[in-house]
2 protein chains.
Amino acid sequence: MFSKACEYGIRAAIYIGQQSTDSGRRVGLKDIAAEIGSPEAFTAKVLQQLVREQLITSVKGPTGGFELTAEQLRTVTLRQIVVAIDGGAMLQGCALGLPQCSARQPCPMHYQFLPIRDQLNELLRTHTIGELASKVHDGLGFLKQFG
Amino acid sequence: MFSKACEYGIRAAIYIGQQSTDSGRRVGLKDIAAEIGSPEAFTAKVLQQLVREQLITSVKGPTGGFELTAEQLRTVTLRQIVVAIDGGAMLQGCALGLPQCSARQPCPMHYQFLPIRDQLNELLRTHTIGELASKVHDGLGFLKQFG
DNA sequence: TTGGTAAAGGACAAAAATGTCCGGTATTTG
DNA sequence: CAAATACCGGACATTTTTGTCCTTTACCAA
Ligand code: FES
Ligand code: FES
C-alpha cells in the first residue's frame with residue numbers, strides 16, 4: 001500500500017503526537033525508533049522530510065527532539081504525510097498503471113476502482129494526527145506489536 | 001497500488017483474453033507489449049509466472065503464443081493474478097506496516113481501513129479476466145492510452 | 001526430417017527503495 | 001566560553017524492483 005518510508009513516517013508522527021499531547025515533552029530519534037519498531041537512521045531521513053514540510057517540528061540540542069504543536073496536532077492529516085513522502089500517485093493514479101487515470105480513456109477497472117480510491121482519499125483526508133494519537137493514548141491503537 | 005510487474009501482468013492477461021474471445025487466435029509477446037505499452041522482455045518474465053500458475057496458457061513454436069482457454073476466461077480473477085505476482089501483502093497487510101494486521105493489537109487506522117481493504121479484495125475477487133476483456137472489446141475500457 | 005519460429009530460462013544491467021555512517025550545525029547547560 | 005546533546009545533511013552500502021540480452025527448448029510446417 002504505502003512505502004516503508006511512508007509507514008515509518010506515519011507511525012512516527014503519531015507517536016510524536018501522542019507524547020506531545022500526553023506530556024508535552026519532546027521525543028528523540030532513538031526513542032521514536034524504539035517505540036515504533038523502525039530503523040533509526042532511516043527514520044531520521046523520513047522525519048527530516050516531514051520537518052521541511054512543516055508537518056512536524058524539531059528542536060536541536062539538549063532537551064531537543066521532535067514535537068507537534070497544538071496546531072499541527074489539530075490540522076495535520078494523514079493525507080498530508082502520505083503526499084509528502086509517497087507523492088500523489090497512489091491517490092490519483094490508475095489501478096492498472098495507465099499514464100493517466102481519466103474517464104476519457106479509462107482502463108477496464110476504472111469505474112469500479114474509483115469509489116474505493118475515493119474512500120481511501122477521504123479516509124486519509126479526515127483523520128488528523130492528533131486524533132490518531134489520542135487513540136493510541138487510550139490503548140485503542142498500537143504503533144508496534146509485542147510478543 | 002500494484003507493482004509494475006503486476007500492472008503489466010493484468011493488462012497483458014486482459015489483452016490476451018480479449019484476443020482469445022474475439023478471434024480465438026494466440027498473440028505473441030511483441031504484439032502484447034505493443035498493445036499494452038510495456039517493455040517486451042520484462043513482460044515476458046511476468047507472463048512466465050502466470051503460465052506457471054496456470055492463469056494463462058502458452059504454446060511454443062510457429063502459430064504459438066499466449067492464449068486463455070474458455071475455462072480460464074470464465075474463472076481466472078484479477079485477484080489470482082495479483083496474488084501470483086505481488087503476493088498477499090497488500091490484500092491482507094496492515095496499512096501502517098505493522099507485522100500483523102489483527103484486532104488483537106490493531107494500528108490506529110485498523111477499523112477505518114478494514115472496510116476499504118475488504119472492498120478492494122471483493123473487487124478483485126469478483127472480476128474475471130473474461131469480463132474485463134469483453135469490456136475492452138466493446139470499447140468501454142482501454143489497456144493503453146493514445147495521443 | 002529439417003528449418004524456422006516463439007516461448008522458457010539464465011545471466012546480467014540499471015534504477016529505485018531501503019538502510020547506514022559520519023562530520024557539521026544549532027542549542028542548552030554548567 | 002566550553003562541553004555535551006540531538007537534529008541536519010551528504011555520502012555511501014545493500015536490497016529489491018525493473019529492465020535487457022542471449023542461449024536453449026519445444027513446436028509447427030513444409
Ligand atoms: S483509468 Fe485506470 S483507474 Fe482510472
Ligand atoms: S492493524 Fe493496521 S490495518 Fe489492521
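Chain naming here is simple, since letters A, B, ... match the order of the sequence lines and numbering starts at 1 in each. What you see is a predicted model, and the numbers here were worked out from it, not measured in a lab.
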*Examine B:Val82 and A:Phe113 and state if one hydrophobic cluster contains both, with Ile, Leu, Val, Met, Phe, Trp and Tyr joined whenever side-chain heavy atoms are less than 4.5 Å apart.*
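In one cluster with B:Val82: A:Phe113, yes.
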
*In terms of hydrophobic clustering (I, L, V, M, F, W, Y; side-chain heavy atoms under 4.5 Å; direct or indirect links), are B:Val59 and B:Val51 co-clustered?*
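Different hydrophobic clusters.
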
*Of the non-hydrogen atoms in A:Pro108 and A:Leu96, which two are nearest, and what is the gap between them?*
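Closest approach of A:Pro108 to A:Leu96, heavy atoms only: CD-CD1, 3.9 Å.
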
*Nearest-nucleotide wise, let me know which of B:Thr43 and A:Val51 is further upstream toward the 5' end of DNA chain D.*
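With A:Val51 and B:Thr43 compared, the 5'-side residue is A:Val51.
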
*For B:Val59 and A:Phe66, take the nucleotide of DNA chain D holding the closest heavy atom to each; which residue's nucleotide lies nearer the 5' end?*
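On the 5' side of the pair lies A:Phe66.
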
Measure [atom1]/[X] against [atom2]/[N] and give the value in whole Å, please.
X: B:Lys45; N: C:dG10; atom1: NZ; atom2: P; answer: 8 Å
X: A:Ile85; N: C:dT18; atom1: CD1; atom2: P; answer: 11 Å
X: A:Phe42; N: D:dA11; atom1: CZ; atom2: P; answer: 18 Å
X: A:Gln49; N: D:dG10; atom1: CD; atom2: C1'; answer: 15 Å
X: B:Ile16; N: C:dA6; atom1: CD1; atom2: P; answer: 15 Å
X: B:Leu29; N: D:dT20; atom1: CG; atom2: P; answer: 12 Å
X: A:Glu67; N: D:dC7; atom1: CD; atom2: C1'; answer: 13 Å
X: B:Asp31; N: C:dT5; atom1: CG; atom2: P; answer: 17 Å

Hey, is the side chain of [X] poking within less than 4.0 Å of OP1 or OP2 on [N], counting only N and O atoms?
X: B:Arg52; N: C:dG9; value: yes
X: A:Ser58; N: D:dA6; value: no
X: A:Gln48; N: D:dG9; value: yes

With the side chain of [X] defined as its heavy atoms from C-beta on, choose the nearest nucleotide among [options].
X: B:Lys60; options: D:dC8, C:dA8, D:dT18; answer: C:dA8
X: B:Pro62; options: D:dG9, D:dC27, C:dT28; answer: D:dC27
X: A:Lys4; options: D:dT18, C:dG19, D:dC21; answer: C:dG19
X: B:Tyr8; options: D:dC7, D:dA4, D:dG19; answer: D:dG19
X: A:Ala41; options: C:dC21, C:dT28, D:dC7; answer: C:dC21

*With no hydrogens and no angle check, do the side chains of B:Arg104 and B:Ser102 hold a donor and an acceptor under 3.5 Å apart?*
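There is no such pair between these side chains.
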
_If you assign each of A:Ala5 and B:Thr63 to its closest nucleotide in DNA chain C, which residue comes earlier from the 5' end?_
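First, find each residue's nearest nucleotide; the 5'-ward one identifies B:Thr63.
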
When all nucleic acid strands are considered with a 4.0 Å heavy-atom cut-off, which category describes [X]: base, sugar-phosphate, or nothing?
X: A:Leu47; answer: nothing
X: A:Lys30; answer: nothing
X: A:Val27; answer: sugar-phosphate

*Can you tell me how far the CD atom of A:Glu35 sits from the CD atom of A:Gln18, to the nearest 0.5 Å?*
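Spacing of CD (A:Glu35) from CD (A:Gln18) equals 8.5 Å.
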
*asked:* Please check this pair: side chain of B:Arg26 against backbone of B:Thr57, looking for a donor-acceptor N/O pair closer than 3.5 Å.
replied: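 No, B:Arg26 side chain to B:Thr57 backbone: no donor-acceptor pair under 3.5 Å.
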
*Is there a donor and acceptor pair closer than 3.5 Å between the side chain of A:Glu40 and the base of C:dG19?*
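Donor-acceptor pair under 3.5 Å: no.
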
